Amino acid sequence: MRDRQSFFEQVYDLVRGVPAGRVATYGQIASLLGLPHGARTVGWALRAGHAPADLPWHRVINSSGRISLRAGQGAELQRALLEDEGVTFGVDGRIDLTQFGWDGNVCMRF
DNA sequence: CATATGACGATAT
DNA sequence: AATATCGCCATAT
């Protein structure tokens, strides 16, 4: 195993494992990859643009449960995609990670 | 190898 | 609470 793939390839594989209706944080993904402080690198991997079309990038948000993208850069698109999957946003546009946060395991509610 | 960047995170102010 | 800054890490140049 090892760096058979670049870091972002590993990020993509992990993001693909996030079930619909759930969201993961950059720090969480980085931690799963062995870099508890590589959250920036995760975001970097996604913004790089090398991501495949089936990559559910919209399920990745920051630790605040908030969309990191700025308006005009896909933030509205990300929110729309998440709401379409059943994720609800708070009044401040925040997601309740307690309810929609990914465990790091594909487990269905109930 | 050095510097810069970035869809973060935590802390300081 | 909002903003500013530092820390952390993989790529880019």
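Keep in mind that what you see is a predicted model, and the values were worked out from it rather than measured. A note on names: the letters A, B, ... follow the listed sequences, proteins ahead of strands, and every chain is numbered from 1.
In terms of heavy-atom proximity, A:G17 sits nearest to A:W102 at O-CZ2, 3.5 Å.
Atom CZ in A:R70 sits about 11 Å away from atom C1' in B:dG6, given to the nearest Å. In this structure, OH of A:Y26 is placed 6 Å from P of B:dC8, rounded to the nearest angstrom. What separates CG of A:L33 from P of B:dC8 is a distance of 16 Å, to the nearest Å. The distance between atom CG of A:N62 and atom C1' of B:dG6, rounded to the nearest whole Å, is 14 Å. Atom CD in A:Q28 sits roughly 16 Å away from atom C1' in B:dA7 (whole-Å rounding). Rounded to whole angstrom, the span from the CG atom of A:L14 across to the P atom of B:dA7 amounts to 20 Å.
Here A:D96 pairs with A:T98 under the side-chain hydrogen bond (donor to acceptor under 3.5 Å, both in side chains) rule; sequence neighbours left out. Residues that satisfy the side-chain contact (heavy atoms from CB on, under 4.5 Å) test with A:D54, not counting sequence neighbours, are A:R16, A:P52. Looking at residues two or more places apart in sequence or on another chain, you find no ring pair (Phe, Tyr, Trp, His ring centres under 6.0 Å) involving A:F7. For A:I95, the side-chain contact (heavy atoms from CB on, under 4.5 Å) test picks out A:V23, A:I61, A:L82, A:V87, A:F89, A:F100, with sequence neighbours left out. Taking the side-chain hydrogen bond (donor to acceptor under 3.5 Å, both in side chains) definition, one finds that A:S68 meets it with A:N62, sequence neighbours left out.
Applying the salt bridge (charged side-chain N to carboxylate O under 4.0 Å, His left out) test to pairs two or more places apart or on separate chains, none has a residue in residues 23-32 of chain A. A salt bridge (charged side-chain N to carboxylate O under 4.0 Å, His left out) check over residues 56-80 of chain A, counting only residues at least two apart or in different chains, returns the pairs A:R59-A:E85, A:R79-A:E83.
Proximity of A:S63 to the phosphate of B:dC8: no side-chain N or O atom is located under 4.0 Å from OP1 or OP2.
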(request) Please test A:L97 against A:T25 for side chain to side chain contact (heavy atoms under 4.5 Å, CB included), starting from the C-alpha separation and ending with a verdict. (result) CA-CA 9 Å; A:L97 294 176; A:T25 65; 4.1 Å; yes
Which pairs of donor and acceptor atoms, one on a side chain in residues 31-41 of chain A, lie under 3.5 Å apart (sequence neighbours left out)?
none

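Interatomic distance, CD1 of A:I67 versus NE2 of A:H58, reported as 10.5 Å (0.5 Å rounding).
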Check nucleotides 3-5 of chain C for protein N or O atoms closer than 3.5 Å to its own N or O atoms and list the pairs.
none

Identify the pairs formed between an N or O of the protein and an N or O of nucleotides 9-13 of chain C at a distance under 3.5 Å, and give each distance.
| unit_1 | atom_1 | unit_2 | atom_2 | d |
| --- | --- | --- | --- | --- |
| C:dC9 | O2 | A:T41 | OG1 | 2.9 |
| C:dT11 | OP1 | A:F7 | N | 2.3 |

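Taking a 4.0 Å limit (strictly below) on heavy-atom distances, residues 71-80 of chain A does not reach DNA chain B anywhere.
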